[in-house]
Amino acid sequence: MKSEVMLYEGKAKQIYATDNEKVVLMKYKDDATAFDGLKKGVINNKGIVNNRVSNLLFKLLENEGIETHLIEQIDDRNVLVKNLKIIPVEVVVRNVVAGSLAKRIGEEEGLTLSSTIIELYYKDDELHDPMINEYHARVMGWATDEQLKELHAQAHKINDILKAFYDSIGIILVDFKLEFGLYEGRVILGDEISPDTCRLWDKESLEKLDKDRFRRDLGKEEEAYQEVVQRIEKALA
Ligand code: TMP
Ligand code: ASP
């Protein structure tokens, strides 16, 4: 079913063609990068954890009425997904101040926001994914008005579902990044939701259980990723 034709290679995944043009195979790698590829490394078994975590969370979202690209996990690193035309607008959802928001507004990390903040970034590595607003997206033709409304509505709904789920397994969903794409005219959720693309803090100890361990040289990356997948599997698998 998988062909040898690699359509795309990103920093953490490869995409292969299949014999059905509406379906592609996504392969998760252990490679880790940060700061637009300036920092490079490997987190052992990260690809296996992210494949599992993302597929379990996408199933949870599907059960709650969110359409995702997930079709079927093939093995520990490979998953079949719908072939989306990716909308080049990354959607970041924030519940707690951290990362670039802390820097931008001069606040300490850890402040719980009174309500959710949604930010948009233009997906372009050469430009380092600059922050944009809805005007940029609309005027430049990256997304229509209707699609932007859909991105916001889905991002809020996904946040409500995932925040409650993570809370139930003792984890604070601090923030995360989503990517959407078009499939048969519909805007649906693509890419991955994993410890690479979320900030996840243990509710009791506030220990970081995500890629910030790698970005900030905190060590024990592999253990943190395993902790997340084990808690999720216990609750969902
Ligand atoms: P930020 O605070 O660095 O802007 O990151 C916000 C969230 O988005 C955080 O959960 C990590 C995620 N993220 C990605 O998934 N990919 C990226 O390239 C960046 C910069 C952030
Ligand atoms: N994934 C991005 C990179 O490789 C940034 C990040 O996750 O921090 O640069």
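Computed from heavy atoms alone, side chains included, the values below leave out hydrogens, waters and symmetry copies. The residues of the chain are indexed from 1 along the displayed sequence. Given the structure is predicted, the values throughout are model-derived calculations rather than measurements. All ligand and atom numbering here is 1-based and tracks the order in the structure.
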Which residue supplies the protein heavy atom nearest to atom 10 (O) of ligand 1, what is that atom called, and how far is it? Asp175 OD1, 2.6 Å
Contact atoms of ligand 2, heavy-atom distance to Lys211 under 4.0 Å: 1 (N), 6 (C), 7 (O)
Considering only heavy atoms from C-beta outward, does the side chain of Ile15 approach that of Leu25 to under 4.5 Å? no
How far is atom 8 (O) of ligand 1 from its nearest protein heavy atom, and which residue and atom name does that atom have? Lys177 CB, 3.6 Å
Glu150 side chain to Gln154 side chain, donor-acceptor N/O pair below 3.5 angstrom: yes
Please could you name the atoms of ligand 2 that Arg215 approaches to less than 4.0 Å, counting only its heavy atoms? 6 (C), 7 (O), 8 (O)
Any luck finding a side-chain donor-acceptor pair between Asn44 and Asp30 under 3.5 Å? no
Quick one: does atom 19 (C) of ligand 1 have a protein heavy atom under 4.0 Å from it? no
With a 4.5 Å heavy-atom cut-off, do Arg138 and Asp145 have their side chains touching? yes
Which part of Ser100 is near ligand 1, with near meaning a heavy atom under 4.0 Å away: side chain, backbone, both or neither? both
Gly99: numbered ligand 1 atoms lying under 4.0 Å from its heavy atoms: 2 (O)
Quick one, Glu67 and Leu189 - any side-chain contact, counting heavy atoms below 4.5 Å? no
I need the contact type for Arg215 against ligand 1. Using non-hydrogen atoms and a strict under-4.0 Å cut-off, is it side chain, backbone, both or neither? side chain
What protein heavy atom lies closest to atom 3 (O) of ligand 1? Include the residue and the distance to one decimal. Arg199 NH2, 3.6 Å
Which atoms of ligand 2 sit under 4.0 Å from any heavy atom of Gly37? 3 (C), 4 (O), 9 (O)
Below 4.5 Å, heavy atoms only, C-beta onward: do Leu7 and Tyr16 meet side chain to side chain? no
Counting heavy atoms only, which of Asp36, Leu38, Asp212 is nearest atom 9 (O) of ligand 2? Asp36
Is the contact between Arg94 and ligand 1 made by the side chain, the backbone, both, or neither, using heavy atoms and a 4.0 Å cut-off? side chain
Minimum side-chain heavy-atom gap Glu119-Ile117 below 4.5 Å: yes
Nearest protein heavy atom to atom 3 (C) of ligand 2, by residue and atom, and its distance? Thr33 OG1, 3.3 Å
Output yes when Lys82 and Glu21 qualify as a salt bridge under the 4.0 Å nitrogen-oxygen rule, no when they do not. no
